[in-house]
Colleague: 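Provided herewith is a single structure, encoded as structure tokens, for subsequent inquiry.
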Amino acid sequence: MATFSQSIIDKGSDIFHDFLCYTCADKKLDNTADFYCESCVKFYCGKCIRPHSQLFTKHDPFGRGDMKKWPVTKKVEDFLLKCDVHKDKNLEMFCSEHSELCCTNCAFLNHRHCKKVTLISDIVKSHSTDLQQLSISILSILKEMKKLQDSQEASIQSVQSSYDEQLRRIEETRQTINAALDTIEQKTLKEMKDTLTKLQASSKSDVDECIRLRDELTQLRDAIQDISEKSKLELSFIATRKCEDKIEQSTTFLNTNSLQDKFYITFQPNSEIVQYLSKLSGLGRIEHGTKSENHVKISSDSKKCTITGILVLPDRQVLVVDNENNNVKLLDQQYQVVSHCSVTKWPIDICQITSSEVAVTVDDSVNTHGVQFITVNNRQLVQGRKLQLQHKCGGIAFHQGDLYITSFTALYKYTLNGKRVSKMYEDTSDGYTVYKCAVSSTGDKLYITNYRQHKVLTLARDGSVLATFTDPALEGPRGVHVTPAGQVLVCGGISPDPFILQVDSEGKRKLATLGMENCMQTLVSVCYNRHTASIIVGLDYNSIMVFKVQ
């Protein structure tokens, strides 16, 4: 019989083997074979083939250029033939009812009642295989698996980075509290450490699964390459079944995991910690969630995208206002652009009128000041009527027949027909003092952002000021949004200090700050997606960012 050994050539697999020279092996030398003699059924190195050829002039050995004529290695045969369950048994049968390869033990234990258990030797007589296509499929899966593995490994680093950043915030918060808080601090740190461990373990589990599946796929790829041009019908059939099963496993795994989402950790300090010290069990809340950036630039866009307005429709589709490219875009539930429509000039903000109709403010700062109505019909955006107004148009909100529109220094109320009802509030002390607006679900409160003076104002139904909110983190607030629970989301700031603040419905107290570490963009709009419990933020460079806090 041929003498051979297995040496690893491909680091990704331990199944791609080489052969040892038969003559050298007798001398206890491990020299790789360069020729195979079918007549002798032996392998020879380049040195030993010369006396062999002189002695056997009619033999025609095959060199490495004809390795397709070399036999399949013993280890490849064992790898493919051995039953995965009963390691000492070879696969000899195939159950068509369960689409499973089986050894005699498997056939007896699991398939004795099946009517379609056939010997593999009989099946291969009429069954053809395409090992080349299987190899291509495995290569494709391997690439996707590597992408997912890289993504999950990046998630481990991302959560570690956010963990380190939140530690810094914990330390800053801790400096304002006396030494009596040591015990509480340790509880908080332990909670966050447990969260880190849990999240990293989750990503590590996916990484380990990626490695396992990639190794198995690589082994199968190398095996089928080794037998692809050899007349080994049983091996080809077995390899096909194993490849198809492993590809199905890998595809399922890839489909249940995401390349874009990454875990992160945030620490939410309790602003009333000193007052309620005796009642607290930690310095604040440890939260984690996923953050994904979704690009919304399309081929027809001539400029970068600046998303100045966001709206989530009842059917879960999302509308975004692209100010730079003068259009409104419709996104599906995966935040992919499915359609768009152009508007006359610089769209700025958007609000919902009905389940399928929205209103968009448009303004060129010179001649065009108005509102464009758009209907969403069968995933298409259709322009409707327009309102031409006499002042600049910025932010917009709607409640029970009333349109609220900002002029950057004032807030106006209009009817849906464009009739001005009143000027509710005005501040001409600076520019952009009334930038964006939002209205509560009951209509009794309105919120406006004062971009220049770094404030958020809460107005009553008659326009009187109920509260003025300021905070050290509140610099250049732009977008404002009211969640179904009545909490107010405010975004703004510029790199490297963008922010999302959560304020109570009274507009007086900060509830939380969503960390935006490593964000090199400006936040210009914000919206809460109640269907997915996510915060969507419009950025100033081609993207929206989606935060899902758990």
Side-chain angles (χ1 to χ4, degrees), residues 308-309 311 321 343-354 357-374 384-470 477-483 486 488-490 503-508 525 527:
T308 55
L311 173 66
V321 174
V343 294
T344 52
K345 284 289 184 178
W346 298 350
I348 298 175
D349 202 5
I350 188 170
C351 71
Q352 182 177 330
I353 306 300
T354 68
E357 185 182 37
V358 299
V360 179
T361 51
V362 291
D363 199 289
D364 66 357
S365 299
V366 182
N367 299 316
T368 302
H369 315 297
V371 177
Q372 172 70 64
F373 290 87
I374 297 174
R385 62 195 179 92
K386 300 178 182 178
L387 298 181
Q388 183 68 33
L389 305 183
Q390 300 304 310
H391 58 76
K392 292 181 179 180
C393 297
I396 188 170
F398 176 76
H399 183 266
Q400 293 185 353
D402 294 324
L403 278 174
Y404 300 95
I405 302 173
T406 71
S407 67
F408 302 116
T409 57
L411 175 66
Y412 295 88
K413 181 193 287 189
Y414 284 88
T415 67
L416 277 176
N417 293 326
K419 179 182 178 180
R420 182 192 293 188
V421 177
S422 65
K423 180 190 289 185
M424 299 186 63
Y425 174 83
E426 186 174 31
D427 182 354
T428 58
S429 63
D430 204 341
Y432 300 108
T433 54
V434 187
Y435 193 70
K436 290 284 190 72
C437 65
V439 61
S440 66
S441 59
T442 56
D444 61 332
K445 294 184 181 67
L446 294 112
Y447 307 91
I448 58 175
T449 53
N450 185 325
Y451 174 78
R452 292 292 190 193
Q453 298 169 359
H454 318 300
K455 297 184 292 186
V456 177
L457 275 65
T458 303
L459 308 181
R461 201 186 302 266
D462 62 0
S464 60
V465 178
L466 297 176
T468 300
F469 175 79
T470 59
R478 292 177 174 83
V480 60
H481 174 80
V482 182
T483 71
V488 182
L489 300 177
V490 184
V503 183
D504 70 346
S505 60
E506 300 299 317
K508 298 178 179 179
S525 56
C527 181

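All values reported here derive from a predicted model rather than from experimental measurement. Residue numbers count from 1 along this sequence.
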Colleague: Inspect the surroundings of OH in Y432 and state if more than 12 heavy atoms from other residues, nucleotides or ligands are less than 6.0 Å away.
Modeller: no

Colleague: Taking Q372 for its side chain and G384 for its backbone only, find out whether a donor-acceptor pair lies under 3.5 Å.
Modeller: yes

Colleague: Hey, are the side chains of T368 and W346 touching, using non-hydrogen atoms and a 4.5 Å cut-off?
Modeller: no

Colleague: So, the side chain of K436 versus the backbone of T308: is there a donor-acceptor pair under 3.5 Å, distance only?
Modeller: yes

Colleague: Compare all side-chain heavy atoms of Y435 with those of V480 and state whether any distance is below 4.5 angstrom.
Modeller: no

Colleague: What closest approach, in Å, do F398 and Q400 show between heavy atoms, and which atom pair accounts for it?
Modeller: CE2-N, 4.1 Å

Colleague: State the CG-OG1 distance between L457 and T468, to the nearest 0.5 angstrom.
Modeller: 4.0 Å

Colleague: Test your reading of the model: is there a side-chain donor-acceptor pair from T458 to the backbone of L466, 3.5 Å cut-off?
Modeller: no

Colleague: Indicate whether any N or O donor in one side chain lies under 3.5 Å from an N or O acceptor in the other, for D462 and S464.
Modeller: yes

Colleague: Within the side chain of S422, is there an N or O that forms a donor-acceptor pair under 3.5 Å with the backbone of K413?
Modeller: no

Colleague: When you measure from the side chain of S440 to the backbone N and O of K445, does any donor-acceptor pair fall under 3.5 Å?
Modeller: yes

Colleague: Between V488 and F469, is there a side-chain heavy-atom distance shorter than 4.5 Å?
Modeller: no

Colleague: D349 side chain to T361 main-chain N or O, any donor-acceptor pair under 3.5 Å?
Modeller: no

Colleague: How close do T433 and S429 get, heavy atom to heavy atom, and via which atoms?
Modeller: CG2-OG, 4.1 Å

Colleague: Supply the atom-to-atom distance Y412 OH to C437 SG, rounded to the nearest 0.5 angstrom.
Modeller: 13.0 Å

Colleague: Taking the side chain as everything from C-beta on, heavy atoms only, tell me whether V456 gets closer than 4.5 Å to V503.
Modeller: no

Colleague: Find out whether H391 and R420 are in side-chain contact, i.e. whether some heavy atom of one side chain is under 4.5 Å from a heavy atom of the other.
Modeller: yes

Colleague: Write down the atom of A438, the atom of A397, and the distance for their closest heavy-atom approach.
Modeller: CA-CB, 4.1 Å

Colleague: Does K386 reach the side chain of V362, with side-chain heavy atoms less than 4.5 Å apart?
Modeller: no

Colleague: Kindly indicate whether the side chain of L446, heavy atoms from C-beta on, has any atom under 4.5 Å from the side chain of I448.
Modeller: no

Colleague: Measure from the side-chain N and O atoms of D364 to the backbone N and O of N367, and report whether any donor-acceptor pair falls under 3.5 Å.
Modeller: yes

Colleague: Could you check L403 against L387 for side chain to side chain contact (heavy atoms under 4.5 Å, CB included), going step by step and ending with a plain yes or no?
Modeller: CA-CA 11 Å; L403 278 174; L387 298 181; 4.2 Å; yes

Colleague: Take atom NZ of K455 as the centre, draw a 6.0 Å sphere, and report whether it contains more than 12 heavy atoms from other residues, nucleotides or ligands.
Modeller: yes

Colleague: Where do H369 and F408 land on the ring-ring contact (aromatic ring centres under 6.0 Å, His included) test, with the steps shown first?
Modeller: CA-CA 12 Å; H369 315 297; F408 302 116; 9.8 Å; no

